[in-house]
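Numbering of ligands and ligand atoms starts at 1, following listing order. Numbering of residues begins at 1 and proceeds along the displayed sequence.
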Amino acid sequence: MLVDKILDLLKQEIPQIEFERYIKQLSYDEEASRSDIAIFYAPNPLVARWVKTRYGDKLSHLFELKTGIKPQIVVEVKNSKKRVPVQQTSENSTDTGVSKNSSKSTILNPSYTFESFVVGSSNQFAYTAALRVAEKPGVQYNPLFIYGGAGLGKTHLLHAIGNFNLARNKQVIFTSLEQFMNQFTHHLRNGTMDRFRDKYRSCDILLLDDIQFLSRKEETQKELFHTFNELHGNGKQIVMTSDQHPKKIAGLEERLRSRFEWGLIVDIQPPELETKIAIIKKKCELNGIHIDNEIVNYIAANMGNNIREIEGIIIQLNAFANMMNQSITLEFAKNVVKNQIKERSENITIDDIVKVASRELNVKPSEIKSKSRSRKIVEARRIVIYLARSLTPNSMPSLAQYFGMKDHTAVSHAMKKINEMIDKDENFKAKIEELSHKITSATVE
Ligand code: ADP
Ligand code: MG
């Protein structure tokens, strides 16, 4: 069957463990699927969401390879009576989520609401600001800028604002900065910028996710600047998220940065233990999963702060319980948590490090890999080498090869320099630690 071939291809492209854990839980609805829409069932909303966000694009692409048609991928929860209304758009990435009746469900995740968001002191400020904005868009905090680390609920809050206002029939656009940029280049290339501008400048609420990717994208920044002015000038609401404060986004035009700071800037901090526990319980409740308190506490205390990762653990525990038809034991939970932590560090690649470090240190990835002797670049390159040695299993010779260096002595020289700097400069040490933390939390996105 076609779908088996597709899944075989997918299997070759993704980590085996992910395939076993998530993709194997899917079933395909052959009858309901058509060439332009592929429908899968997942055992619960968590798995459905996971597959859709992590593998939706990939699956769609693989179908296209085999059939020439790029289908929309739908992952529904098995036995859910409610059928996700299917959006009828041409499936090129140029169509955004302008939503008035038409495209509600596929763009905004209906389960990301204010009700399903657990409030604690770490996120209370962001939550309250988001709710205010949702209730009275364009009136007070405009723009609202939410920033914080990976998996802390920024995207969730954006969707919550969107869902709240869809119900009130407002014109809402949700888009990631990357999508915005892709659409922009697409329309530019095709000479259809009018359409792009009409779309973005006629909404009531613009929700822009992961704005940090604006870094050094000059053309996109220019376009966004005009979009911003038009919307803001007409009293339309803009909400943005980023992993950092606007001041810290490197390569951001000053005029945009200052506009981002016009309204309210709020951060989300990592959740305290009780909030983590409450979130886990909420997720279990929403997904009909039962886990003993003792185990909930264990997960909360031993996993990091990334809630997305914690959800991954819950999915695994639940999948295991279903498969073995038995309840989840503490011992098993401990194993799963341990493996997850180990796996995370095994999954970090030099490219991940280059990506994060170049963004944080304000140099281009290509410069890091180049032979440039400029001081700033040399230091960035040394830092990447140092981090690659400490965070990945790469040997010195293999690092030398990656950076096109003569041999491993160049790598060991770089290590020595960074170690010296760490020893004598507390600030430098803190910078390295922060980078290292950013890298380990970014790779699980
Ligand atoms: P971010 O955009 O900050 O990286 P997300 O909004 O994607 O993080 O959140 C990751 C996952 O964690 C989502 O499934 C989200 O529902 C969940 N989550 C994060 N914070 C909370 C919270 N306070 N209450 C409920 N769920 C949360
Ligand atoms: Mg996000």
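Ring pair Tyr200/Phe180: centre-to-centre distance below 6.0 Å.
For the pair Arg257 and Glu254, the salt-bridge criterion is met [side-chain N within less than 4.0 Å of a carboxylate O]. Note on Glu285 versus Lys281: no salt bridge recorded, every NZ/NE/NH1/NH2 to OD/OE distance being 4.0 Å or above. A salt bridge links Lys247 with Glu261: the closest approach of a Lys/Arg side-chain nitrogen to an acidic carboxylate oxygen falls below 4.0 angstrom. Under a 4.0 Å N-O distance rule, the pair Glu223/Arg201 qualifies as a salt bridge. Using a cut-off of 4.0 Å between Lys/Arg side-chain N and Asp/Glu carboxylate O, Asp204 and Arg168 are scored as not salt-bridged. For the pair Glu230 and Lys236, the salt-bridge criterion is not met [side-chain N within less than 4.0 Å of a carboxylate O].
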Full working for side chain to side chain contact (heavy atoms under 4.5 Å, CB included) between Asn123 and Leu157: CA-CA 10 Å; Asn123 57 31; Leu157 284 177; 5.9 Å; no
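For ligand 1, the atoms sitting less than 4.0 Å from at least one non-hydrogen atom of Lys283 are 14 (O), 15 (C), 16 (O), 17 (C), 26 (N), numbered in the order shown with element in parentheses. Per-residue contacts place Ser116 under 4.0 angstrom from the following atoms of ligand 1 (heavy atoms of the residue considered): 24 (N), 25 (C). Within ligand 1, counting atoms from 1 as listed, the ones closer than 4.0 Å to a heavy atom of Arg49 are 14 (O). Close contacts between ligand 1 and Asn123 involve ligand atoms 23 (N) [criterion: under 4.0 Å to a heavy atom].
Remark: ligand 1 and Leu152 share an N or O pair separated by less than 3.5 Å (distance only, no angle test). Inclusion of Gly153 in the set of residues having an N or O under 3.5 Å from an N or O of ligand 1 is warranted. By the 3.5 Å distance cut-off applied to N or O atoms, Ala150 is not counted among the residues near ligand 1. Annotation: Val118 places an N or O atom under 3.5 Å from an N or O atom of ligand 1; distance criterion only.
Judged by the shortest distance from any of its heavy atoms, Glu311 lies inside the 4.0 Å radius around the atoms of ligand 1. Using a non-hydrogen distance threshold of 4.0 Å, His159 does not register as a contact of ligand 1. Contact between Gly149 and ligand 1 is present, with at least one heavy atom of the residue lying under 4.0 Å from the ligand.
The parts of Thr155 lying near ligand 1 are both backbone and side chain, judged by heavy-atom distances below 4.0 Å. Residue contacts with ligand 1, taken as heavy atom pairs separated by less than 4.0 Å, do not involve Pro271 at all.
Of the candidates Ile279, Ile146, Thr113, it is Ile279 that places a heavy atom closest to atom 22 (C) of ligand 1. For the residues His156, Lys276, Arg308, the heavy atom positioned nearest atom 7 (O) of ligand 1 is part of Arg308.
Using a cut-off of 2.8 Å, one finds that Thr155 contributes an N/O/S atom close to the Mg ion (ligand 2).
Between Ile377 and Glu367 the shortest heavy-atom distance is CG2-O, 3.3 Å.
Seen from the ring of Tyr141, Arg132 does not count as a face-on cation partner, given the 6.0 Å and 45° thresholds.
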